[in-house]
Amino acid sequence: MTTARVIAIPTEEGVLTIRRDQPMSLHTTFRIGGPADFLTRAGSETELRAALDWAERHALPVTVIGGGSNLLVGDRGIRGLVILMRAPGSSLDGRVELVEGDEGARLTVPAQAPISWLGHFTASRGWAGLEWAAGLPGVVGGAVVNNAGAHGGEMAAHLARVELLDLVEKRVVQWSGDRLEARYRYTVLKFEPRPRRWIVLRATFELPRGQPEQLIARAAAYAQWRRRAQPTGACAGSVFTNPPGTFAGYLIEQAGLKGRQVGGVRVSELHGNFFINTGNATAADVRALITLIQEEILRRYGIELVPEIEEIGDD
Ligand SMILES: Cc1cc2nc3c(=O)[nH]c(=O)nc-3n(C[C@H](O)[C@H](O)[C@H](O)COP(=O)(O)OP(=O)(O)OC[C@H]3O[C@@H](n4cnc5c(N)ncnc54)[C@H](O)[C@@H]3O)c2cc1C
């Protein structure tokens, strides 16, 4: 294989650029993570297939991520090829299918679509059920895998179908939403060992009609609430899932653990379930802070906090 730092692969759409030794800290919202051996961005299915062909030719394992907003990447990075499946909402023209009926709509969007864009787009068209996503980081692929949600809504609630690329049988398959067995921040895709078999290509939602003005106002209010209630620093959202009947952030606050710091990572003063990278945090710091908080909450309340963020890569 070439030792070039930048590899250019011609595709039907132009050129796909693959970079060697790319720090994952540049590609995750936590700003943490060692180098990916190789990294590329696949904004379209053509680019994705070109990237997969290249990885196969070089016998490299593949890791697909979306916005990188729910991940803790190890300090030694990720072996093989990392494919960032993300694209700006403005680039999705012609790749969004909206079939509108009197009472409901069927919307198909690529995995690369930003989830916040989806929330605003559906609200502006008067289709209800996804306005909770306004202001949420990440893209549709990652949100489907994580069954992301907020304000009582979640991806799975209106997900009719997911189109997946099966890397073992090398074909595209359609799954009904039920096959994800989605529940709170869980799908079967999220807990599949890596390297994974399935890549989300597209998601189809069935949405009931709503009042555009009301939906737009709700989406704006949700996005504004995030700006007010959540810290703005480098983080990966909620570190722990909420235990049944209570909130991880509330327990952490009650235990006086806000502001607790290990190395370069600190429990946010604003929201107890958010850890903030103060500038030079490592994955080892985050892991040590997770353990510290888990032990303290178990000791005080007998409750075991379970991480919501996914750990990937090497240490
Ligand atoms: C400030 C902040 C606030 C947040 N608030 C919330 C919240 O309110 N609710 C909530 O649920 N989450 C929240 N999160 C977490 C996160 O934003 C969501 O879970 C988001 O949907 C993850 O999307 P992503 O594209 O960033 O996924 P990533 O973190 O990139 O990936 C998540 C998982 O999906 C896999 N994946 C990504 N794309 C694909 C694909 N196309 N095919 C196959 N696998 C794929 C990855 O391998 C990984 O396993 C927050 C995060 C931040 C930083």
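Atoms within a ligand are numbered from 1 in the order they appear, just like the ligands themselves. All values reported here derive from a predicted model rather than from experimental measurement. Atoms considered below: every heavy atom in the structure, side chains included; atoms not considered: hydrogens, waters and symmetry mates.
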Would you please determine whether [X] falls within less than 4.0 Å of ligand 1 on a heavy-atom basis?
{"X": "I115", "value": "no"}
{"X": "M155", "value": "no"}
{"X": "R185", "value": "yes"}
{"X": "F30", "value": "no"}
{"X": "R86", "value": "no"}
{"X": "Q230", "value": "yes"}
{"X": "R196", "value": "yes"}

Pairing of [X] and [Y] as salt bridge, 4.0 angstrom limit:
{"X": "D37", "Y": "R79", "value": "yes"}
{"X": "E97", "Y": "R202", "value": "no"}
{"X": "R196", "Y": "E310", "value": "yes"}
{"X": "E103", "Y": "R209", "value": "no"}
{"X": "K258", "Y": "E269", "value": "no"}
{"X": "R299", "Y": "E295", "value": "no"}

What protein heavy atom sits nearest [atom], and how far away is it?
{"atom": "atom 41 (N) of ligand 1", "answer": "V200 O, 3.1 Å"}
{"atom": "atom 19 (O) of ligand 1", "answer": "N146 ND2, 2.6 Å"}
{"atom": "atom 9 (N) of ligand 1", "answer": "G149 O, 2.7 Å"}
{"atom": "atom 24 (P) of ligand 1", "answer": "G67 N, 3.4 Å"}
{"atom": "atom 27 (O) of ligand 1", "answer": "G142 CA, 3.4 Å"}
{"atom": "atom 53 (C) of ligand 1", "answer": "G237 N, 3.4 Å"}
{"atom": "atom 26 (O) of ligand 1", "answer": "S69 OG, 2.5 Å"}
{"atom": "atom 47 (O) of ligand 1", "answer": "V64 O, 2.6 Å"}

What atoms in ligand 1 come closer than 4.0 Å to a heavy atom of [X]?
{"X": "C235", "result": "1 (C), 53 (C)"}
{"X": "A236", "result": "51 (C), 52 (C), 53 (C)"}
{"X": "I199", "result": "42 (N), 43 (C)"}
{"X": "T29", "result": "53 (C)"}
{"X": "G138", "result": "23 (O), 24 (P), 25 (O), 26 (O)"}
{"X": "A143", "result": "21 (O), 23 (O)"}
{"X": "L136", "result": "5 (N), 6 (C), 7 (C), 8 (O), 9 (N), 13 (C)"}
{"X": "M85", "result": "41 (N)"}

Would the distance check show the side chain of [X] and the main-chain N or O of [Y] forming a donor-acceptor pair, the cut-off being under 3.5 Å?
{"X": "D285", "Y": "T282", "value": "yes"}
{"X": "S91", "Y": "P88", "value": "yes"}
{"X": "N146", "Y": "A148", "value": "no"}
{"X": "T28", "Y": "I32", "value": "yes"}
{"X": "R197", "Y": "L167", "value": "no"}

Heavy-atom distances under 4.0 Å decide this one: backbone, side chain, both or neither, for [X] against ligand 1?
{"X": "E310", "value": "side chain"}
{"X": "V145", "value": "side chain"}
{"X": "S238", "value": "neither"}
{"X": "R194", "value": "side chain"}

Query raised in the report: Is there a ring pair (Phe, Tyr, Trp, His ring centres under 6.0 Å) between W54 and F38 once you walk through the steps?
Result: CA-CA 11 Å; W54 183 84; F38 298 93; 5.1 Å; yes
Query raised in the report: Between Y186 and F191, what is the ring plane arrangement, given parallel below 30°, perpendicular above 60°, and tilted in between?
Result: parallel
Report task. Apply ring pair (Phe, Tyr, Trp, His ring centres under 6.0 Å) to Y222 and H151, showing your working. Result -> CA-CA 8 Å; Y222 289 153; H151 309 289; 3.9 Å; yes
Query raised in the report: Given L257, which of L289, I252, L251 fulfils the side chain to side chain contact (heavy atoms under 4.5 Å, CB included) condition?
Result: I252
Requested in this report: Only heavy atoms count here, so choose which of A203, A113, P137 is nearest to atom 20 (C) of ligand 1.
Outcome: P137
